Student: 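Starting off with a structure, shown below.
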Amino acid sequence: MIDFYALTSPNVQKIFIMLEECGLPYNTKLVDVWKGEQFTPEFTRINPLQKIPAIVDSDGPAGTPYTVIESGAILLYLAEKTGKFIPHDPIKRYDVIQWLMVQMANVGPMSGQLIHFSRFAPPPQDYGTARYRSQVNKLFDLYDQRLANQPYVVGNDYTIADIAAFPWLRNVQTLAMKIDSRPNLKAWIDRITAREAVKRAFAKIGAIQSARDTATDDAKDRFFARGKYALT
Ligand SMILES: N[C@@H](CCC(=O)N[C@@H](CS)C(=O)NCC(=O)O)C(=O)O
């Protein structure tokens with residue numbers, strides 16, 4: 001059985017999708033980061049970085065419990081555990097790993113910063129918002145171009161490179177990105193949205209209550225490690 005430490009954010013959505021796609025049984029253990037639950041000693045023992053997602057697999061590679069942090073590493077771990085959504089062919093496998101890294105090092109961080117500066121930064125927000133909007137526009141164009149001649153990020157097969165990118169790139173409203181001028185990306189979002197496992201994942205995510213919408217200014221400062229919570 002897999003214990004899945006989760007809430008609702010895009011990096012967590014990747015793992016809900018992967019677990020549903022693989023048909024693996026799991027217990028969802030909510031860590032409400034807006035209440036500071038990532039900082040408890042119990043959760044810090046699971047992830048010293050104090051972030052979700054994380055999993056603890058009671059049936060790890062050595063037959064003993066194994067903990068995995070970082071959404072990209074969790075996707076790779078689950079793909080290797082099940083033999084699903086990662087090709088065996090070494091070249092195709094490294095293609096998938098490269099595009100998983102493109103997502104982890106670029107799409108996630110740049111989109112996260114765009115949301116932070118456009119929604120949560122004190123005014124004036126112009127410089128940060130403009131910088132990260134430009135970076136995210138570049139990434140949206142990259143995926144749109146890549147998907148012009150193939151249905152999925154690494155060719156004809158749906159892989160963890162798609163599962164990693166989808167929760168961020170589907171987020172066009174929150175990111176205020178143009179999608180009609182990116183028809184290949186739009187078709188890919190529609191293609192993945194229509195998958196039964198993805199529908200099941202979002203039904204579960206939609207039912208989760210978090211303290212995000214009621215977070216106080218102090219809770220936001222703690223979450224963003226700023227103000228009296230800034231590490232100097
Ligand atoms: N690179 C990490 C990023 C995880 C991440 O940023 N998680 C957020 C989700 S909201 C979090 O736990 N933030 C809590 C904090 O930073 O205190 C991954 O892909 O798993």
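We count ligands from 1, going down the list as the structure has it; atoms in each ligand are counted the same way. Please read all numbers here as calculations on a predicted model, not as lab measurements.
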Student: Establish, from distance only, whether the side-chain atoms of Asp218 and Tyr229 form a donor-acceptor pair under 3.5 Å.
Tutor: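 The criterion, which ignores hydrogens and geometry beyond distance, is satisfied for Tyr229 and Asp218.
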Student: Between ligand 1 and the protein, which N/O pairs fall short of 3.5 Å?
Tutor:
unit_1, atom_1, unit_2, atom_2, d
ligand 1, 1 (N), Glu70, OE1, 2.7
ligand 1, 1 (N), Glu70, OE2, 3.3
ligand 1, 7 (N), Ile52, O, 2.7
ligand 1, 12 (O), Ile52, N, 2.9
ligand 1, 16 (O), Lys51, NZ, 2.6
ligand 1, 17 (O), Gln38, NE2, 2.8
ligand 1, 19 (O), Ser71, OG, 2.6
ligand 1, 20 (O), Ser71, N, 2.9

Student: Val96 and side chain to side chain contact (heavy atoms under 4.5 Å, CB included): which single residue from Ile160, Ile91, Leu75 fits?
Tutor: Ile160
Student: Using the side-chain hydrogen bond (donor to acceptor under 3.5 Å, both in side chains) rule, collect all pairs that involve residues 165-175, keeping only residues at least two apart or in two chains.
Tutor: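 Output for this query lists Asn11-Trp168, Asn171-Thr174.
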Student: How far does OG of Ser9 sit from CZ of Arg212, to the nearest 0.5 angstrom?
Tutor: 10.0 Å
Student: Applying side-chain hydrogen bond (donor to acceptor under 3.5 Å, both in side chains), run through Tyr77 and Asp57 and close with a yes or a no.
Tutor: CA-CA 10 Å; Tyr77 177 86; Asp57 181 3; 2.7 Å; yes
Student: State which residue, out of Val31, Ile69, Ile15, fulfils the side chain to side chain contact (heavy atoms under 4.5 Å, CB included) condition with Tyr5.
Tutor: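 It is Val31, the one option of Val31, Ile69, Ile15 that forms the side chain to side chain contact (heavy atoms under 4.5 Å, CB included) with Tyr5.
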